Asker: 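Handing you a structure now.
Order of the sequence lines fixes the chain letters, A, B, ..., with proteins taken first and strands second; residue numbering starts at 1 for each chain. Since the model is a prediction, treat every value here as computed from it, not as a measurement.
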Amino acid sequence: MLRLILAAALALLAPSARAETDHRAVATRILEAVILPGSDAFADAAARLADAAAAECAEVDAAVLRERFHLAWDAWMAIQHFRFGPLQEGDRAFAIAFWPDERGATGRTVARVLKAQDPAVDDPAAFAELPVSTRGFFALERLLWDDTGSAAPIDDYQCRYVAAGAADLSRLGAEIAARWRDPWAETVTTAGEPGNVTFLAASEVTQRLLAVMLAALAETRKDRIATPLGSFDRPRPRLAEAWRSGRSLRQIRLLLEAVEATVRRGFMPELSPARAEALDAAFRDVFARLATAEEAAPLSEAVAGQGRIRVEALGQAVARLEVAVRDGLGPDLGITQGFNAADGD
Amino acid sequence: MTGSAPTSESRRGSTLQMGTEVRLTRRRFLSRTGALCAVATMAAPGWAAAGAPAYLAAARSVDGAYRLAGLDASGAPIFELPLPGRGHAAAAHPLRPEAVAFARRPGAFALVIDCAAGHETARLDAPEGRHFYGHGAFSRDGAMLFTTENAYQTGEGRIGVWDARDGYRRIGEVASGGIGPHDICLTPDGSMLVVANGGIRTHPSSGREKLNLDTMRASLAYVRASDGALQAEARLPEALRLGSIRHLSVAPDGLVAAAMQWQGDPDEGVPLLAFHRPEWPGLLLAEAEPHVLARMKGYAGSVSFDAVGRAAAITSPRGGLALAWDRQGAQIAGWAREDVCGIASGAGAGWVATDGLGGVTLLDKDLAPIAASRAPGAWDNHLVGL
């Protein structure tokens, strides 16, 4: 209590000085408000997808299956930017969503499984050992939609493949939710304490969270937007993420919403009003550009047509958001660029 | 799951408190690989006078000053000595408690520091028309020091030879076998110098600008220590022409691990580590699935075998990641850590890694952290085992 009074008195004495960042509070808020509920939601949505897919193939309701596929992917997008710990162990993130796929491995390896009628689809343990490009949302998308983006009919083998893929996603979702609870919740909330050999200071979790958000935004700007834009003369609509299932812009919206939730829930309380307002403005800007792009057409059509300029404007807004997040959060939170990463030798 | 990168970040162990206690440990690990490179220089009695450090590392202190530090086997600092500017790597004399600290390239000088007395005893000035690349290696008997240099008017790589028995007088130089020699090691028998010719031409007038990316071709060269004769060399395949071989580690049996920095798209996910022996016709590439390699951002900052030479690990400060492969070229482990760069063999079959956050982490054979500590300041590129 005395400490609180002292802190309040000091704050009055120096109204312009910001209190030291409470890094543990940042980690705890993001864990409790975003990561844990988001991981549970993904595990649930993946389980519901598996339920829809595992029924007797003759009885599968294709519409329900595709709807649950979309909902499960939506839930994944809310947590997939936390690329450390449970998502990197065992390569889980790539097993769930193998992307970007610059070499086109998904199409090639899914075709190989189909051609060989690989019996691994009837054995969960064997399926989990297949290459990551044959599993996860992008492989399932290839089975559920064809190369024109229409719902594909599914034969018996494909149906078993979908069921195996959905069950695999459900398993991975349950593992991720469990691993965030134990040991990773403790790992991120005991940063800097004796015994924690992963995060050696409380600020290191903040730094990791900032890094994964910036990586997700950079990936969105480059791989989700610039890659399908290609050049004016040569747009690359088929390189848009998840275009077969018509999710390309939805993916961008969900990613931006996930980053926004992370920033607002976790970081905003630590920021000065000026920084918070600058970040607010950057989010308003990017969502306004996104809404404009969404009005135009699906991304894979927009890049080759009239909506192109709106997609370009969205990419620029994402770039501005990256700068706002990096410069808005980094200095206030005492985070600087890597000493060795910047060296280059 | 082939090629996946199992990360083993979350392992709880004892945190070692740095700076609270100066440990003058005499513990030595006989088979420690050394000097960014290789095989034990056996017990170095002279180093006991400097507190018997197990490692040397350059650092930047919180006050912005640069230092050379000696660390014990647990990563705790034994001594810290001032450097006039940012250091890169250091070479440790095999017998005397003497370190040669190289400036970051393109540096024109290196300092010889008596780590027991705590002061500079000699200074190496690069001859006219040469600059250092930041690495050097002693002959096994400690009589000579070899330094990688750029003869920048012609762009030829050179190895400078210095007499360590006579105040580090320059006594000659030989060709490095390529352009841009960076790291240099000795083979276990001391007969050959192993040189990482990065292949990239630079000139001090244009700083670190790369002048020949359209034609660059790195090489791993084996140069006879006695007369500079080129004994063997290896190059990357054409598809990996943009790989710049920069750093080296040599296993006790002479297997060489060479780490690359990719000059192409950092997201491409190309191999950044290769194994080689002088009698092999080509390099054994350390492969993994491209999406795993892509996490390294095309950049390996350091490489080290473990003490027994079972596996080699590379670090990427840009990707915040270390990955390890066994000597057959199979990927075995990964570990995520912000700005990790320095790595050397640890006790047993593991490693010790340093990072730009001031962290020192002891890792087991699967790159799982066993113990860690964090000092104020930042550890620079390399951790040099003695």
Asker: Between Lys297(B), Glu268(B), Arg60(B), which shows the greatest number of heavy-atom pairs under 4.5 Å with chain A?
Answerer: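 Heavy-atom pair counts peak at Arg60(B).
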
Asker: Which atoms of Glu338(B) come close to chain A, meaning under 4.5 Å heavy atom to heavy atom: side chain ones, backbone ones, both, or neither?
Answerer: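 It is both, since atoms from each part get that close.
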
Asker: Are Arg374(B) and Glu204(A) packed together at the side-chain level, in the sense that at least one heavy-atom pair is separated by less than 4.5 angstrom?
Answerer: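 SC-SC contact between Arg374(B) and Glu204(A) confirmed.
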
Asker: Pick one of side chain, backbone, both or neither for Ser133(A), based on which atoms fall under 4.5 Å of a heavy atom in chain B.
Answerer: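 Neither part.
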
Asker: Please round to the nearest 0.5 Å and tell me the distance separating atom CZ of Phe339(A) and atom CZ of Arg86(B).
Answerer: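 Those atoms lie 3.5 Å apart.
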
Asker: Are Arg103(A) and His291(B) close enough that some pair of their side-chain heavy atoms sits under 4.5 Å apart?
Answerer: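 In short, these two side chains do not touch, never coming nearer than 4.5 Å.
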
Asker: Test Arg104(B) against Asp345(A) for salt bridge (charged side-chain N to carboxylate O under 4.0 Å, His left out), laying out the working first.
Answerer: CA-CA 8 Å; Arg104(B) 184 170 174 262; Asp345(A) 217 335; 5.6 Å; no

Asker: Tell me the closest heavy-atom pair linking Asp267(B) and Glu102(A), and the distance in Å.
Answerer: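 Where Asp267(B) meets Glu102(A) most closely, the heavy atoms are O-OE1, 3.7 Å.
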
Asker: Indicate yes or no: at least one non-hydrogen side-chain atom of Asp343(A) is less than 4.5 angstrom from one of Asn381(B).
Answerer: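 Heavy-atom side-chain distance check passes, below 4.5 Å.
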
Asker: Determine the minimum heavy-atom distance between Val197(A) and Thr361(B), stating which atoms define it.
Answerer: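 Heavy atoms of Val197(A) and Thr361(B) come nearest at O-CG2, 4.5 Å.
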
Asker: What closest approach, in Å, do Ala336(B) and Arg208(A) show between heavy atoms, and which atom pair accounts for it?
Answerer: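 Heavy atoms only, the tightest pair is O-NH2, 3.7 Å.
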
Asker: Do the non-hydrogen side-chain atoms of Arg337(B) and Leu200(A) ever get within less than 4.5 Å of each other?
Answerer: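 The answer is yes, as the side chains (C-beta and beyond) meet within the 4.5 Å cut-off.
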
Asker: Rounded to the nearest 0.5 Å, how far does CG of Leu357(B) lie from CZ of Phe199(A)?
Answerer: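 CG of Leu357(B) is found 10.5 Å from CZ of Phe199(A).
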
